[in-house]
Structures are given as structure tokens and as C-alpha cells.
Amino acid sequence: MSEEAAFVRACSVGDLKDGGAISVVLGGDEIAIVKTEGEVYAIRDWCSHAAVPLSEGEVDGRTIECWLHGSCFDLRTGKPTSMPATTPVPVYPVKIEGDDVLVSI
């Protein structure tokens, strides 16, 4: 019998702008909460290439671009979709309850 992952409140849906990201700290980790194309995603808030916040980058569809060197990451998988990054970043399950964005860390 498997346990359901524990979800914690990250922010309110109202805190998010479509096509934008905010940074939150959950369990000691900085996580970017991104709203795009009607969906909300949670991805570790650092570029695996340059260790700068992804939440300060551009959101384009289901990718987020690092502002420093232009690496893009898939918001669903964390995998880089362009160079110079080659290492994925963690992504986290998200669910919405009422106006709360909950993330499993």
C-alpha cells in the first residue's frame, strides 16, 4: 500500500500571472511556481548550468528560459530543451484546491 505524497501550500492562484513565475521556499528549497496555458507547474528555481533563478526568466508555452545564458527547461519534466544546460532540474507535482496552489516536495 503506497502513501499519497504530502502536499504543502505554495501560494494562491491569484498570486500567479499567466505566462509568469514566482519564487517560493518550500522545505528549504527554492521552487519556481509557473502559470502558463491554463496550467500551474513547480520546478526547482535554479538553472542547472549557471545556478541562477529560473523564476526571473521568460516563460514560453511549457518552457522556462534562464535569463543568463538562454537555457530552456520543460516545465513538465525539468529536462533542458536547449544548450548550454545538459542536466535536468527537479519538477514537483502540483494540485489546486480552491485558491491554493499545493506542491508535493
Side-chain angles (χ1 to χ4, degrees):
M1 183 178 203
S2 65
E3 284 187 36
E4 185 176 326
F7 283 81
V8 295
R9 184 182 185 280
C11 63
S12 295
V13 173
D15 294 335
L16 303 172
K17 183 177 107 178
D18 196 50
I22 63 170
S23 183
V24 299
V25 177
L26 300 174
D29 290 327
E30 292 183 27
I31 298 173
I33 308 297
V34 182
K35 182 178 180 187
T36 181
E37 298 183 350
E39 298 289 331
V40 177
Y41 301 93
I43 188 168
R44 177 76 54 86
D45 195 14
W46 55 265
C47 175
S48 60
H49 170 255
V52 297
L54 290 175
S55 61
E56 296 175 8
E58 297 284 326
V59 175
D60 183 17
R62 291 195 168 99
T63 62
I64 191 164
E65 180 181 10
C66 175
W67 60 268
L68 188 58
H69 295 119
S71 293
C72 291
F73 297 87
D74 187 309
L75 292 167
R76 298 164 292 185
T77 65
K79 293 179 181 176
T81 60
S82 67
M83 299 292 279
T86 58
T87 304
V89 295
V91 295
Y92 306 90
V94 174
K95 66 181 180 179
I96 308 296
E97 286 186 357
D99 189 46
D100 292 331
V101 176
L102 306 174
V103 176
S104 178
I105 52 171

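For the single chain, residues carry numbers from 1 onward in sequence order. Nothing here was measured: the structure is a model prediction, and the numbers come from that model.
The same ILVMFWY cluster, assembled from side-chain heavy atoms under 4.5 Å apart, contains both L54 and V59. Note on V89: it does not cluster hydrophobically with I105, by side-chain heavy-atom contacts below 4.5 Å among ILVMFWY residues. Linking ILVMFWY side-chain heavy atoms closer than 4.5 Å, directly or via other members, places I31 and I22 in a single hydrophobic cluster. Note: the hydrophobic cluster containing I64 also contains V91 (ILVMFWY, side chain heavy atoms under 4.5 Å, direct or indirect links).
Applying the salt bridge (charged side-chain N to carboxylate O under 4.0 Å, His left out) definition to pairs two or more places apart or across chains, those involving residues 32-42 are E37-R62. Residue pairs satisfying the ring pair (Phe, Tyr, Trp, His ring centres under 6.0 Å) criterion with at least one member in residues 50-90, sequence neighbours excluded, are listed as follows: H49-H69. Within the structure, side-chain hydrogen bond (donor to acceptor under 3.5 Å, both in side chains) contacts touching residues 79-89 (residues at least two apart or in different chains) do not occur. Counting only residues at least two apart or in different chains, side-chain hydrogen bond (donor to acceptor under 3.5 Å, both in side chains) contacts with residues 23-32 comprise S23-D45.
Using a 4.5 Å heavy-atom threshold, the side chains of P80 and P88 count as touching. Counting heavy atoms from C-beta on, the side chains of C66 and V52 come closer than 4.5 Å. Here the side chains of V94 and Y41 are not in contact, with every heavy-atom distance at 4.5 Å or above.
The shortest non-hydrogen separation linking M83 to S71 is C-OG, 3.6 Å. Taking each heavy atom of V34 and A21 in turn, the nearest pair found is CG2-CB, 3.7 Å.
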Please report, to 0.1 Å, the donor-acceptor pairs under 3.5 Å made by any side chain of residues 6-20, with sequence neighbours excluded.
from: R9; atom 1: NE; to: D100; atom 2: OD1; distance (Å): 2.8
from: R9; atom 1: NH2; to: S12; atom 2: OG; distance (Å): 2.5
from: D15; atom 1: OD2; to: S12; atom 2: N; distance (Å): 3.0

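Between L75 and the choices V40, I43, T63, the side chain to side chain contact (heavy atoms under 4.5 Å, CB included) rule is met once, by I43.
In this view, E56 satisfies the salt bridge (charged side-chain N to carboxylate O under 4.0 Å, His left out) rule with no residue, not counting sequence neighbours.
Remark: side-chain polar atoms of T36 are paired, donor with acceptor, to backbone N or O of G61 under 3.5 angstrom.
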